[in-house]
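All ligand and atom numbering here is 1-based and tracks the order in the structure. From a predicted model like this one, the values you see are computed outputs, not experimental measurements. We're numbering straight along the sequence, starting at 1.
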Amino acid sequence: MTKSKPLFGLSDGLKQQMARRQQETIVEAEPLELNLGDVRPSVQPVPPRFSDPAQFPGVKEYLALRQAGVALGMTDPFFRVHEGIPAATTRIGGKEYLNFSNYNYLCLNGHPEVTAATYEAIQRYGTSPSASRMVSGERPLHGQLEHALADFLGTEDCVAMVSGHATNVTVIGHLFGPRDLIVHDALAHNSVVQGAILSGAKRLSFPHNDWQALDDMLRTLRPNHERVLVVVEGLYSMDGDYPDLPRFVAIRERYKTFLLVDEAHSIGVMGATGRGIAEHFGLPRTCADFWMGTLSKTFSGCGGFIAGQRLIVDYLRHTAPGFLYSVGMSPPLAAASLKCLELLQREPERCRALRRAGRLFLELCKAEGLNTGNSAGLAIVPIIIGSSLGAINISSRLFTRGVNAQPIFAPAVEEQQARLRIFLCSEHTPAQLETTAKAIAAGLAE
Ligand SMILES: Cc1ncc(COP(=O)(O)O)c(C=O)c1O
């Protein structure tokens with residue numbers, strides 16, 4: 001067998017230097033001398049656009065948008081530093097703001113019982129499981145959280161992972177393959193799209209919430225594929241509306257598809273007791289195959305989960321790369337989410353207060369003549385502005401008036417759909433909501 005040449009030729013001198021270094025116990029390393037003369041020249045010159053990150057098309061677009069913002073004197077709405085626990089209000093730069101920019105829907109983040117549970121978890125288990133649960137073992141909190149979630153939802157089993165985004169990517173990417181078809185709502189979260197791309201399946205989207213369009217697509221396409229996955233969300237995070245789930249369930253039956261419902265924004269928000277969109281419609285848990293959720297929102301932690309049939313959840317627990325090859329959830333975060341789940345069940349009035357705030361804010365905005373798109377007035381109300389710079393501008397004006405609300409612009413949404421996005425929480429008061437609706441209207445009128 002011929003020995004393959006190393007990709008990057010290291011000079012003998014360099015190799016000797018490295019070997020010497022390994023034997024020595026010098027604390028401070030000296031810079032290595034790279035002898036580029038030993039590296040074979042490239043066959044063809046590489047144009048700067050392929051070697052200079054500043055010339056990546058996305059980077060250039062990003063720089064142009066930043067420069068436009070600076071030229072227009074807008075304050076940067078991103079990476080604002082909150083100096084406490086953001087809920088209905090927050091403290092930024094030493095100043096108090098009305099806050100509409102976080103997913104602390106039920107205001108459980110910082111709840112004394114949640115904080116106490118995390119302290120206790122740290123004292124017992126430290127801050128990190130340090131490795132994959134399968135390989136290095138788990139803590140009791142991992143299993144307790146998963147059992148509690150499965151019980152709450154009424155599924156056979158549940159597996160929790162370290163990131164909501166990674167949960168969708170690894171689950172969808174792992175379960176489906178090139179002979180399959182994945183069809184998702186046009187407004188599906190990026191994690192769903194990334195998972196579908198990773199799977200290698202044919203990926204298509206249907207117009208937002210349009211089950212009839214999906215029906216038409218599957219009538220033609222279903223016979224061309226082995227497995228078909230349909231993905232919808234419980235509550236859409238950009239628009240604050242939700243799908244007519246019974247129709248999608250009927251499509252699942254008719255075409256023998258799998259159905260994944262991403263409940264990132266609907267758990268704790270929809271349904272009389274916060275159990276999400278299935279409870280909202282009075283549907284049994286068996287109406288879908290995969291119930292995905294995140295722990296970063298209602299559950300004040302960090303991570304994602306997949307709940308469903310025991311066999312498939314257990315298969316994911318033993319084989320999904322994003323779970324198997326990634327560290328287990330930090331014990332204090334698992335404890336926080338577990339405690340939030342307990343509080344949600346003990347205090348269902350939190351869900352009702354959130355929904356009251358959502359409904360009232362929607363009414364107030366409509367009374368001010370604001371374009372709230374299709375918002376159902378639950379926890380999310382968009383204010384459609386119609387241009388990226390316009391959305392950044394109004395967000396910046398609101399900030400100077402003491403309101404923290406994020407702009408959403410292209411490419412996250414289409415340019416004409418650029419918007420402010422308002423997230424409500426259970427502790428927003430009618431007075432705060434009225435002030436904000438009026439401030440948005442005044443800012444737009446300027
Ligand atoms: C619908 C949806 N799915 C998945 C995620 C990813 O969750 P996480 O931010 O917890 O990783 C999000 C994030 O906001 C989301 O909105």
Side-chain angles (χ1 to χ4, degrees), residues 78-79 86 100-106 108-109 145 149 153 158-174 182 184-198 205 208-209 229-243 245 248 259-270 276-278 280 288 290-308 316 320 322-323 326-330 333-334 336-338 340-341 374-376 378-382 406-408 411-413 419 421-425:
F78 303 116
F79 297 102
F100 297 93
S101 278
N102 76 91
Y103 310 129
N104 186 11
Y105 289 131
L106 302 183
L108 291 171
N109 189 13
L145 174 63
L149 282 166
L153 295 173
C158 173
V159 57
M161 310 191 183
V162 287
S163 139
H165 189 283
T167 301
N168 270 338
V169 174
T170 201
V171 168
I172 299 173
H174 184 55
I182 297 177
H184 58 76
D185 189 283
L187 298 187
H189 190 257
N190 171 274
S191 52
V192 171
V193 175
Q194 296 298 324
I197 293 170
L198 176 66
S205 66
H208 182 49
N209 278 341
L229 174 70
V230 173
V231 186
V232 295
E233 292 179 20
L235 183 65
Y236 284 90
S237 65
M238 292 293 172
D239 287 61
D241 59 354
Y242 56 88
L245 193 59
F248 287 91
L259 180 60
L260 186 151
V261 184
D262 178 332
E263 294 236 63
H265 297 274
S266 41
I267 294 269
V269 176
M270 295 179 79
I277 191 167
H280 173 91
F290 309 102
W291 297 95
M292 185 271 172
T294 63
L295 299 169
S296 55
K297 300 170 174 63
T298 289
F299 298 118
S300 302
C302 196
F305 64 84
I306 283 282
L316 289 169
F323 181 79
S326 189
V327 69
M329 188 179 296
S330 155
L333 288 175
S337 293
L338 184 59
C340 286
L341 185 52
N374 297 323
S375 175
L378 289 162
I380 303 161
V381 180
Q406 284 294 312
I408 302 286
V413 291
R419 62 195 60 193
R421 191 167 52 157
I422 302 289
F423 288 103
L424 286 312
C425 72

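His265 NE2, 2.7 Å is the protein heavy atom nearest to atom 16 (O) of ligand 1. Asp262 OD2, 2.6 Å is the protein heavy atom nearest to atom 3 (N) of ligand 1. With respect to atom 9 (O) of ligand 1, the closest heavy atom belonging to the protein is Lys297 NZ, 3.5 Å. Looking only at protein heavy atoms, the nearest one to atom 11 (O) of ligand 1 is His165 N, 2.9 Å. Atom 10 (O) of ligand 1 has Ser296 OG, 2.7 Å as its closest protein atom, hydrogens excluded (heavy atom only).
Polar contact check, Thr294 against ligand 1: no nitrogen or oxygen pair lies under 3.5 Å apart. For ligand 1, one of its N or O atoms has an N or O atom of Gly164 under 3.5 Å away.
Proximity of a side-chain donor or acceptor of Ser205 to a complementary backbone N or O of Ala186 within less than 3.5 Å is not detected. Under the 3.5 Å distance criterion, the side-chain polar atoms of Glu233 are left unmatched by any main-chain donor or acceptor of Ala264. Listed for the Thr167 side chain is no donor-acceptor partner under 3.5 Å among the backbone atoms of Met161. With Ser375 contributing its side chain and Ile380 its backbone, the two residues share a donor-acceptor pair below 3.5 Å.
Partners of His174 according to the side chain to side chain contact (heavy atoms under 4.5 Å, CB included) rule, which considers only residues two or more places apart in sequence or in another chain, are Tyr315, Leu316, Thr319, Ala320, Pro321. Shown here are the salt bridge (Lys or Arg N to Asp or Glu O under 4.0 Å) partners of Asp185, two or more places apart in sequence or in another chain: there are none.
The shortest side-chain heavy-atom distance between Val413 and Asp239 does not fall under the 4.5 Å cut-off.
Distance CG/Leu145 to CG/Leu295: 6.0 Å, rounded to 0.5 Å.
Interface atoms of ligand 1 facing Glu233, defined by a heavy-atom separation under 4.0 Å, are 1 (C). Per-residue contacts place Ala264 under 4.0 angstrom from the following atoms of ligand 1 (heavy atoms of the residue considered): 1 (C), 2 (C), 3 (N), 15 (C).
Heavy atoms of His189 found under 4.0 angstrom from ligand 1 belong exclusively to the side chain.
Ligand 1 has Tyr103 within reach: a non-hydrogen atom of the residue lies less than 4.0 Å from it. The closest approach between Ser191 and ligand 1 falls below 4.0 Å for a heavy atom of the residue.
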